[in-house]
Amino acid sequence: QSAVLRTFEEVREACADTNSYNRPLDITGTVIAYYRRPFHNAYHVHIKDGTNRLESYELTSSNIPTNGYRLLDRVRFIGRIDYYRGVCFAGYDRATVLSTGRTEDLPLVSANDLTSSRWLDQLVRIRGMVRDISADDSDPNFIHLTLGQESATAQVMILDPLRKPADLLHFIGAEVIVTGICSDNRGGLRQHLGRTLSVSGLENIRIQRKPTGFADAPPLEALENALPQEVLRAGNHQCSGSVLATWQGKNLLLETSTGRKVRVHLQACDLPSVGQSVRVLGLPVTDFYNINLIHATWKGLDTHTKPPRDPIDASPHDLLFNEPGQPQLMVLNHGKTIRLEGIVRYLPEATQPNARMQLESDGQIVAVDASARPALLSGLEIGCRLSVAGTCVMDADDWNRNSSEERNRGFFLVPRTADDIVVLSRPPWWTPGRLMVVIGSLLAALLAILVWNRSLKRLAEKRGKALAAEELERLESDLKVCER
């Protein structure tokens with residue numbers, strides 16, 4: 001039992017014996033994955049030695065290689081067999097990097113190749129443009145990266161507890177080579193995510209071509225006749241125009257000099273003013289109606305702000321039905337300034353800054369997004385009749401490769417100034433709710449009076465009996481005196 005384990009196959013066999021706890025090991029292998037454990041100054045390392053693949057945990061915080069680990073490093077581990085929550089693993093107390101490897105010699109595969117069983121659990125490289133970065137809402141230790149290629153996209157999962165998505169924004173729009181293990185993710189929470197490339201750290205993402213900037217990015221008009229697939233492959237583009245609306249911290253609607261409407265999602269919560277002239281740079285996407293920009297940045301062209309446009313009176317019927325009365329989204333109203341009247345049916349709470357007020361108008365519910373100017377909703381209450389003016393924004397999903405048609409959720413209004421929301425009338429004081437409160441109060445008061453009267457009656461009866469008893473005692477005393 002005390003013999004030193006020299007290969008991973010021996011470790012695997014030892015783990016089948018529950019009496020192998022603390023059995024020593026001295027193994028030399030190649031690093032194929034690693035990450036720093038959350039909340040610990042320790043590493044979890046995947047290594048192989050030609051006999052079997054092994055996961056090895058560090059048991060102590062000492063003797064970590066000065067520069068950490070790198071893929072394909074040849075490392076000697078000295079440690080022992082340990083158990084964690086009933087699971088056997090190889091722990092190491094000392095690690096020595098014997099030589100460093102070259103990831104440049106690893107095979108370069110495509111996004112479609114990741115679905116092949118040939119590359120499963122293999123260390124590979126993939127090249128593409130970074131299209132999106134997001135946090136994993138089910139495990140904060142992971143960051144998701146979407147890598148776009150000519151005809152497919154690859155999902156990359158970066159395991160780095162010390163990083164946040166904001167640390168990776170400089171990769172957006174860049175052409176990179178990513179090195180990692182082709183994984184089916186069956187051991188994680190997202191069991192149906194499919195094949196992904198599991199990446200150990202940002203040092204395994206190497207920029208081959210930086211994202212284009214304002215100085216050299218092509219104009220958005222260059223994609224006017226592009227197919228959706230071509231739009232999705234395109235790098236950074238730019239356009240200039242006047243801001244028509246802003247909402248929810250990172251969104252704005254831009255109108256170019258040619259009348260094109262461009263919905264823009266910014267990287268940072270730094271919105272320009274409505275009416276301001278700006279230049280915007282970002283990755284193009286399409287909702288089949290327009291070409292929009294995501295992961296965008298902007299810069300002002302001048303300090304002049306255009307006055308808000310005069311609204312035209314409309315009703316939800318004008319937006320949702322055609323002239324014969326058939327349901328139809330009148331998408332040409334996107335970006336127009338309209339005004340309608342309605343009754344407030346829902347007001348967002350202070351804890352819901354991005355929620356939208358709901359207005360009932362013409363038998364339809366219209367969403368009003370005042371998230372960029374929440375003060376416009378102060379003083380309003382359910383049942384108020386309002387006149388609301390603002391920019392009409394079409395709420396449609398952007399196209400992706402996995403769907404043939406994107407969902408269009410209709411329109412919402414974005415008010416621009418304090419004059420855009422006018423209270424026409426407030427709800428009558430005698431609302432059903434208040435009437436019920438008054439009735440309830442009166443019933444409670446009546447009940448209190450009845451209880452009080454009953455209490456007084458009982459008290460009077462008790463007091464009367466006491467007085468009668470006292471009078472009877474007095475009479476008895478007087479009779480006794482007379483008898484004497």
Side-chain angles (χ1 to χ4, degrees), residues 130-137 140 143-144 146 163-173 211 214 236 238-255 261-285 287 290-301 305-306 308 334-335 337 346-359 366-378 380 388-398 407 409-418 420-421:
V130 179
R131 297 286 307 181
D132 195 19
I133 294 172
S134 62
D136 190 322
D137 50 11
I143 298 176
H144 289 260
T146 301
R163 300 288 185 175
K164 302 296 180 185
D167 300 328
L168 282 71
L169 291 180
H170 62 285
F171 287 121
I172 292 289
F214 282 105
N236 280 343
Q238 61 180 313
C239 66
S240 303
S242 177
V243 178
L244 297 179
T246 59
W247 67 95
Q248 297 190 5
K250 292 185 176 182
N251 297 281
L252 63 93
L253 185 65
L254 197 72
E255 183 178 44
K261 309 298 189 302
V262 182
R263 192 180 71 244
V264 179
H265 183 76
L266 301 173
Q267 281 187 355
C269 295
D270 179 25
L271 291 171
S273 303
V274 174
Q276 185 176 353
S277 295
V278 298
R279 184 181 297 277
V280 181
L281 174 75
L283 289 176
V285 292
D287 55 16
N290 304 283
I291 296 179
N292 304 308
L293 295 175
I294 59 173
H295 297 296
T297 57
W298 67 275
K299 61 181 181 179
L301 296 180
T305 299
K306 295 181 179 180
H334 180 54
T337 305
Y346 172 78
L347 281 170
E349 302 288 341
T351 56
Q352 300 173 306
N354 292 332
R356 293 166 178 166
M357 178 175 69
Q358 293 183 3
L359 206 67
V366 179
V368 178
D369 195 321
S371 55
R373 295 160 193 82
L376 298 183
L377 304 184
S378 61
L380 300 181
V388 179
T391 303
C392 182
V393 179
M394 183 174 58
D395 193 7
D397 291 335
D398 291 321
R407 182 182 177 190
R409 287 175 289 273
F411 296 91
F412 60 90
L413 283 185
V414 181
R416 306 151 301 168
T417 67
D420 281 344
I421 296 183

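For the single chain, residues carry numbers from 1 onward in sequence order. The structure displayed is predicted, hence computed values, not measured ones. Heavy atoms only: backbone and side chains are in, while hydrogens, waters and symmetry mates are out.
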Approximate separation, where rounding is to 0.5 Å, of [X] [atom1] and [Y] [atom2]:
| X | Y | atom1 | atom2 | value |
| --- | --- | --- | --- | --- |
| Leu169 | Lys164 | CG | NZ | 13.5 Å |
| Leu347 | Gln358 | CG | CD | 10.0 Å |
| Lys261 | Leu254 | NZ | CG | 10.5 Å |
| Leu413 | Leu359 | CG | CG | 8.5 Å |
| Leu244 | Thr391 | CG | OG1 | 5.5 Å |
| Asp287 | Asn292 | CG | CG | 5.0 Å |

With sequence neighbours excluded, residues passing side-chain contact (heavy atoms from CB on, under 4.5 Å) with [X]:
| X | value |
| --- | --- |
| Pro348 | Tyr346, Ala355, Met357, Leu377 |
| His265 | Lys250, Asn251, Ile294 |
| Ser273 | Gln276 |
| Ser277 | Leu301, Asp302 |

> Does a side-chain heavy-atom distance below 4.5 Å link Val274 with Pro308?
Replying inline: no
>> Between Leu293 and Cys239, is there a side-chain heavy-atom distance shorter than 4.5 Å?
In response: yes
>> I need the full list of side chain to side chain donor-acceptor pair (under 3.5 Å) pairs touching residues 367-376, with sequence neighbours left out, sorted by first then second residue.
In response: Thr246-Arg373, Gln248-Asp369, Arg356-Asp369, Asp369-Ser371
>> Applying side-chain hydrogen bond (donor to acceptor under 3.5 Å, both in side chains), can you list everything that pairs with His295, at least two apart in sequence or on another chain?
In response: Asp132
> Considering residues at least two apart in sequence or located in another chain, which fulfil the side-chain hydrogen bond (donor to acceptor under 3.5 Å, both in side chains) criterion with Asn290?
Replying inline: none
Taking all non-hydrogen atoms of both residues, which atom of [X] and which atom of [Y] are closest, and how far apart?
| X | Y | value |
| --- | --- | --- |
| Val264 | Val280 | CG1-CG1, 3.6 Å |
| Leu283 | Gly173 | CD2-CA, 4.0 Å |
| Ser134 | Pro165 | C-CG, 4.0 Å |
| Phe411 | His334 | CE2-N, 4.2 Å |
| Val285 | Arg131 | CG1-NH2, 3.8 Å |

> By salt bridge (Lys or Arg N to Asp or Glu O under 4.0 Å), which residues pair with Arg279, not counting sequence neighbours?
Replying inline: none
> In chain order, what residues pass the salt bridge (Lys or Arg N to Asp or Glu O under 4.0 Å) check against Arg416, with sequence neighbours excluded?
Replying inline: Asp420
> With Phe412, which residues qualify under ring pair (Phe, Tyr, Trp, His ring centres under 6.0 Å), at least two apart?
Replying inline: Trp247
> Which residues satisfy the ring pair (Phe, Tyr, Trp, His ring centres under 6.0 Å) test with Trp298, sequence neighbours excluded?
Replying inline: none
